[in-house]
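Shown next, in structure tokens, is the structure this report addresses.
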Amino acid sequence: MMRTTRRAVLLGAAGTLAAPALIRAQGTQPIRIGEINSYTALPAFTLPYRNGWQLRVEQINAAGGVLGRPLEVIWRDDAGRPQDAVRLAGELLDNERVDLLAGTFFSHVGLAVADFALQRRRMFVASEPLTDQLVWEKGNRYTFRLRPSTYMQAAMLVEEAAKLPARRWVTVAPNYEYGQSAVKWFKQLLSAKRPDVQFVAEQWPALGRIDAGATVAALERERPEAIYNVTFGPDLTNFVRQGNTRGLFEGRSVVSLLTGEPEYLDPLADETPQGWIVTGYPWDQVETAEHVAFRRAYQAKYNDYPRLGTVVGYDTITAIAECIKRAGSTETEKMVEAMRGLPFASPFGPCTFRALDHQSTLGAFVGRTALKGGKGTMVDWRYADGAKYLPPDDEVRKMRPQSG
Amino acid sequence: MDFILIQFLTGLSNASALFLIASGLTVIFGVTRIVNFAHGSFYMLGAYLTWTITRALWDWGGREPLLFVLAILFAALAVGALGALIEIVLLRRIYRAPELFQLLATFGVVLIIQDIALAVWGPEDLPLPRPPWLRRFVEIAGSRFPQYDLILILVGPAVLAALWFLFQRTRFGILVRAATQDREMVAALGVDQRILFTGVFFLGSALAGLGGAIVLPSQSAFLQMDLAIIAEAFVVVVVGGLGSVPGAFLASLLIAEVQAFGIVLVPKATLVLVFLVMAGVLIVRPYGLLGRPQAHARAATGTVEPVIRPAPAILGWAGAVALALAAAAPFFAGPYAVTVLVELAVFVLFAASLHLMMGPGGIVSFGHAAYFGLGAYGAALGLRFLAVPMEAGLVLAPLLAGLFGLVFGWFAVRLSGVYLAMLTLAFAQIVWAAAFQWVEFTGGDNGILGVWPSDWARGKAAYLWLAIVLCIGATLLLRRMIHAPFGYALRAARDSELRAEAIGLDAVRIRLGAFVIAALGAGLAGGVYAYGKGSVFPTYISIPKSIDALLMVLLGGVQTVSGPIVGALAYHTLFLTVLQAFAWWRLVLGLAIVLLVLAFPQGIAGFVRQRYERARGIEGA
Amino acid sequence: MSGPVLEARGLHKRFGGVHAVNDVSLAVHAGEMLALIGPNGAGKSTCFNLLNGQLGADAGEVRLEGRPLAGLKPRAIWRLGVGRTFQITATFASMTVRENVQVALISHHRRVWSFWRPARRHFGNEADALLAQVGMADQAERPCGVLAYGDLKRVELAMALANDPKLLLMDEPTAGMAPSERIALMELTRSLVRERRLACLFTEHDMDVVFGHADRIIVMNRGSLIAEGDAAAVRANPAVREVYLGSGGH
């Protein structure tokens, strides 16, 4: 059993033992970040994510920290429950005296913490939740979101989907807010670009409980020309296996959200369908200088390859550090002002936190799935800069409460 | 027509795995009367072990079908052995505990296995690579149908036949059947119950493991498998009739076909559909399709509920001091401690309301979170659609919960034991599915935000005092009720319905009264919780929340009036501490629950009471 | 003397092909102890359950002081003034002896739906008086779950008296008791019946109890009444002798 008496993770330059001594010698207080995530509820995504931010904290502290102070992350497991996340956020602010909040994976957890942050007027950097509401309908002054949203990823796919000859579409998505939004945006945006397409059927399997054989047969029955898929995780594996055996994907175009992310692509292994248009992260092929440096550092530290979550965790810390540098302080209002319009460097390239809606312009890779050496991978990919896949500014203003 | 055939066959193949799991669960329940939450964990372990063993065998001897079958059997045997082991080291020690107490222990096992699986197999989904022979298909009515699924269709009836042979033709099987019908009789015949129970656990767990093993080729082994399957398995067991293997077979066919065709007819309502079917079956046939009335959740050991006496004065003083300390907390403790105290007050009422049903009423609810959640949503929806202030929201909360309590209770109180418990679960799942999937109305899983208190109660101290007044006040009212004529009538209906009716008591109406009062209490708790958190989510209604309430009541001691209070305080404090202190908190919490179960088989308050009465020479029952 | 307290006319009950009760008529008067006897399978339990509302008759009617009982639930019949004891005692094991009687009194006085004043402060004196009548006053504080069987029967009797009944229905009142206890219980019942001018109908296996305590006896066999009268008349009845002696009974 791995017991950490306090789950404060303090990572110094020369390793965990040397660092505290060093800090004490300098007589500086660390900058404390309170991080909450669904570590036990969704370990496949959140553990690589944790590795990512741990790596970044280590790098920044090795380089002297921020404003001459080291970063310290105090992390908590919300067990996938928003009510626990809100309590832990309070605990981090009140007991641990953290300077800001960060993290969360599930949309509902992210929204709960965002609303809490608004109440307490403290900054919250939402790293992973995808829901559009987080920065639009329910956006607030104190909340910023890093990962490209459901809308952005759907918009990236629509760009490719519109080029397909297919006109008869079916959709399959998990039946909850994420799945429903992903389908809603896709239909709306694709119909705008291609008035000739029609959506002839929808399947809404319950999250984590897909009845894949029946779902595949129900989709097949409609004789679609193209399929839009939003399922992920175990549901996706199940769906792909039944689809492969039953020949659902043969001669049809498939457009699939998030499927190119290593978290979801790797479990498909040698059954990875070929030629699906996906958003994702071809970690082994991105050869920009920033990414190569990131990948090397990560592989050296963990002897493992980075997942998308790793990049998100890494970038969360980068953005926070840049923000505090720019603010010159850890005072909330100064940090918020600094974060609005903040440029920061991701392994994916330069990004900005938009002042307009607090959404970062971190993008995603759009490409096609392929099978190489018995493993799934992405080919013909390009980096889609998030800035290009957001609605016009005045539309965003209409959606976002203007008080915040 | 062709499509209907394909869909029907798909349903049949899904039914097989469902039947294996459910048959194991129903056999275990039939003989031991244990509601085994760990059954889903055995299913998950079956899948993981098959993954590991198959890969090892394939590395050694090539990807042969025979080796895969061998791996499945190894995995099933290993899981069976684990089940037997858990029976021997844990459950055997607590058969004499009050009804359903064993449920608490099996839930501890669930938590432990979750973390062990994460530690052993890692966080990622593990799909079994499919060699070409697992990818084959046959052409049926112009569509491709997986050959493996076709084989699965045969597995269900084959296992049914094997079980039939076992139960009809072997001494063990005959004893199992006899024990399912009349446990005392088997004991009276001089059969060693311990061996029988261990054997049954081996069989049931092995079937669960087998179920997990055979689904592996069509999906992956993943960490949420356990809880994903357990509710459905219970549905099948209950629809079929507790303890009935043929019933489980029929029910698994029914449920699987309802799902296969349901996704075509009402693609958005599949989650609800299964529970609607269960509710419908139970309303028409209160003991499931092939069940018999005697399958009671109440321990068949002839245990008698103890007499409830007025609390000793010292307990009253201790409670008053604790309450005063809690109310004074804002003056000496930090804001986080105050937040926690609000939660404790809420959970005390949540547990106490369930206890009114479970303890004096003998009505076990597996879906008490429905009323907690309805209270929370009552407040939040009132805000969202009617813009009502907090004061009105806190009135709306119990009212909405109480209204649903009246409707659901009207059906539920006509049943008894685990059937009743499962019907409450079905209702709770229907409410949960509405909250989770009806995005336009409830906001779906993103919930409803901004449910903050009125200005005067916005301060931490003010809200704590409000929570104490409402929650602890309501809890004390519930206590008062237990000692009042209504509480006595409720216990009378529980102790002997025959006698209750013979002295003019309307047992069904009294139980319904308790059901509604419990719903009101839980609804108020939910309302206070909603304003305390500022937001409302479907997780408030989810099965884990209902289990929380059960754990609190059982841990505190279902047979004491103070049990739910002690249990809520102990469990929530334990949970908070463990969650913050340990990365592997599920393992630690699970072990803690198991140890508490072994140390206090009457619950904590029950243990204290027993000691107190013994010391004073008071005659217990 | 006024009309009978309980009167049954032409009762019939069939289970499948078995005619369990066939045209049974009987009447019980105030102050009278009437025993219903018969060999196993004679139909007396079925007949008894038709009288107390547990079963519905296929034909015939049961009247309590002229009021038909058809379709009434046991609890409604209790409200009309019928007290019962069971073959296998049914009391509230999680309560003390006094509380058991108090619950019956609470129900009688329609105070079930009150939520504030503790139940133990309801009708305590009345409960003690009833317990004194059945000789259980000294055990009032003991839980029912630990009582001896004979004492439980007394508690049942006290509960049956709580609604000041006109009629007492006792199913095998002395089953499972020691001989000395049997006589004591029946003496007690008899004195209560006399004092309170109750009508009492009971079924019984033990012929000593029957012949020693019943004012009148009716005998059933194969669903039908075959004899009626006082102890001496029934003893002498050839049909009864045939049934009991012929079947190797008493």
Side-chain angles (χ1 to χ4, degrees), chain A residues 1-5 7 39-40 43-44 47 76-77 79 81-84 86-87 90-91 94-95 107-108 111-112 115-116 119 131 133 138 175-177 180 202-206 208-209 211-215 217-218 220-221 233-234 237-238 241-242 244-247 266-271, chain B residues 3 6-7 10-11 13-14 118 123-127 129-130 135 137 143-146 149 218-220 222-224 228 259-260 263-264 267-268 270-271 334-336 339-340 343 436-437 439 444-447 449-450 452 529 533-535 537 539-540 579-588:
Chain A
M1 184 170 61
M2 205 197 292
R3 194 194 140 144
T4 46
T5 41
R7 278 154 74 195
Y39 291 109
T40 47
L47 296 186
R76 296 284 184 262
D77 178 15
R81 292 188 285 250
Q83 63 268 34
D84 287 324
V86 169
R87 185 190 54 249
E91 187 250 350
D94 298 329
N95 281 12
S107 290
H108 54 307
L111 285 166
D115 197 47
F116 178 80
Q119 275 292 308
T131 182
Q133 295 175 347
K138 289 171 187 160
N175 192 9
Y176 69 113
E177 196 273 343
Q180 294 180 17
E202 296 178 346
Q203 274 298 314
W204 298 99
R209 307 267 293 281
D211 186 348
T215 303
E220 166 92 58
R221 180 191 183 206
T237 309
N238 211 334
R241 289 189 164 201
Q242 283 286 348
N244 281 345
T245 309
R246 297 186 187 224
D266 294 353
L268 297 179
D270 62 341
E271 301 222 18
Chain B
F3 172 70
I6 290 292
Q7 217 61 351
T10 304
S13 75
N14 290 342
L118 174 60
E124 283 174 20
D125 304 346
L126 300 180
R130 290 196 301 174
R135 300 190 195 194
F137 57 84
S143 292
R144 292 187 193 174
F145 193 81
D149 288 9
S218 37
Q219 54 183 60
S220 41
F222 62 100
L223 291 167
Q224 291 83 26
Q259 277 175 331
I263 68 160
V264 186
K268 278 199 160 183
T270 44
L271 265 188
Y336 173 64
T339 314
V340 170
E343 288 191 4
F436 187 68
Q437 297 183 331
V439 174
D445 60 314
N446 283 353
L449 304 178
W452 295 104
Y529 195 64
K533 291 282 171 193
S535 42
F537 299 96
T539 49
Y540 294 8
L579 180 66
Q580 272 165 45
F582 302 97
W584 299 91
W585 63 268
R586 292 182 297 196
L587 180 67
V588 179

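Computed from a predicted structure; not experimentally measured. First the proteins, then the strands, lettered A, B, ... as listed; each starts at 1.
Annotation for B/Q219 and A/R241: closest pair O-NH1, 3.8 Å, computed over non-hydrogen atoms. Considering all non-hydrogen atoms of both residues, A/Q203 and B/I263 come closest at NE2-O, 3.0 Å. Nearest heavy atoms, A/G233 versus B/D125: C-OD2, 3.6 Å. Between A/P43 and B/L223, the shortest heavy-atom contact is CG-CD1, 3.6 Å. Annotation for B/Y336 and A/G90: closest pair CD1-C, 4.2 Å, computed over non-hydrogen atoms. The nearest pair of heavy atoms linking A/G208 to B/F222 is O-CZ, 4.4 Å.
By the 4.5 Å heavy-atom criterion applied to side chains, A/Q242 and B/T10 are not counted as neighbours. A 4.5 Å side-chain heavy-atom check between A/N244 and B/R135 finds every atom pair outside the cut-off. Inter-residue side-chain proximity for A/R246 and B/I6 is flagged as met; some heavy-atom pair is nearer than 4.5 Å.
Both the backbone and the side chain of A/Q83 come within less than 4.5 Å of a heavy atom in chain B. For A/L47, the part lying near chain B is the side chain, with the backbone staying farther off; criterion is any non-hydrogen pair under 4.5 Å. If you measure heavy-atom distances from B/Q224 to chain A, the contacts under 4.5 Å come from the side chain alone. The part of A/R209 that comes within reach of chain B is its side chain, from C-beta onward, which places non-hydrogen atoms under 4.5 angstrom from that chain. Only the side chain of A/T131 comes within contact range of chain B, judged by heavy atoms closer than 4.5 Å. Neither the backbone nor the side chain of B/L126 comes within contact range of chain A; no heavy atoms are under 4.5 Å apart. Heavy atoms closer than 4.5 Å to chain A are found in both the backbone and the side chain of B/T539. For B/Q7, the part sitting under 4.5 Å from any heavy atom of chain A is the side chain, from C-beta outward, and nothing else. The contact between A/A217 and chain B is made by backbone and side chain atoms together, counting heavy-atom distances below 4.5 Å.
Between chain B and the options A/A206, A/G213, A/A112, heavy-atom pairs under 4.5 Å are most frequent for A/A112. Most heavy-atom pairs under 4.5 Å with chain A: of the set B/G447, B/G534, B/S220, this distinction falls to B/S220. When each of B/G450, B/S535, B/S13 is scored by its heavy-atom pairs under 4.5 Å with chain A, the top score falls to B/G450. Comparing A/A269, A/G247, A/A212, A/P205 by heavy-atom pairs within less than 4.5 Å of chain B, the highest count is held by A/G247. The candidate from B/A260, B/P267, B/G444 with the greatest count of non-hydrogen atom pairs under 4.5 Å with chain A is B/P267. By number of non-hydrogen pairs under 4.5 angstrom with chain B, the leading residue of A/P82, A/A218, A/S107 is A/P82. Across A/D84, A/T237, A/D266, A/N95, the residue that shares the most heavy-atom pairs under 4.5 angstrom with chain B is A/N95. Most heavy-atom pairs under 4.5 Å with chain A, from the set B/W452, B/F145, B/F537, B/F137: that is B/W452.
Side chains of B/R130 and A/T245: a donor on one and an acceptor on the other come within 3.5 Å. A/D77 and B/Q580 share no side-chain donor-acceptor pair at under 3.5 Å.
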Could you go through the side chain to side chain contact (heavy atoms under 4.5 Å, CB included) check for A/Q180 and B/D445 one step at a time?
CA-CA 11 Å; A/Q180 294 180 17; B/D445 60 314; over 6 Å; no
In sequence, state the C-alpha distance, the side-chain angles, and the governing distance for A/Q133 and B/L449, and then conclude on side chain to side chain contact (heavy atoms under 4.5 Å, CB included).
CA-CA 11 Å; A/Q133 295 175 347; B/L449 304 178; over 6 Å; no
Given A/E177 and B/N446, is the side chain to side chain donor-acceptor pair (under 3.5 Å) satisfied, shown in steps?
CA-CA 7 Å; A/E177 196 273 343; B/N446 283 353; 3.0 Å; yes
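Residues B/R144 and A/E220 are not paired through a salt bridge, judged by the lack of any N-O separation under 4.0 Å between the basic side chain and the carboxylate. At a threshold of 4.0 Å, the pair A/D115-B/K533 does not count as salt-bridged, since none of the basic side-chain nitrogens sits closer than that to a carboxylate oxygen.
A donor-acceptor distance shorter than 3.5 angstrom exists from the side chain of A/N175 to the backbone of B/K268, with no hydrogens or angles considered.
Ring geometry, A/Y176 versus B/F436: the interplanar angle falls under 30°, so the pair is classed parallel (tilted spans 30 to 60°).
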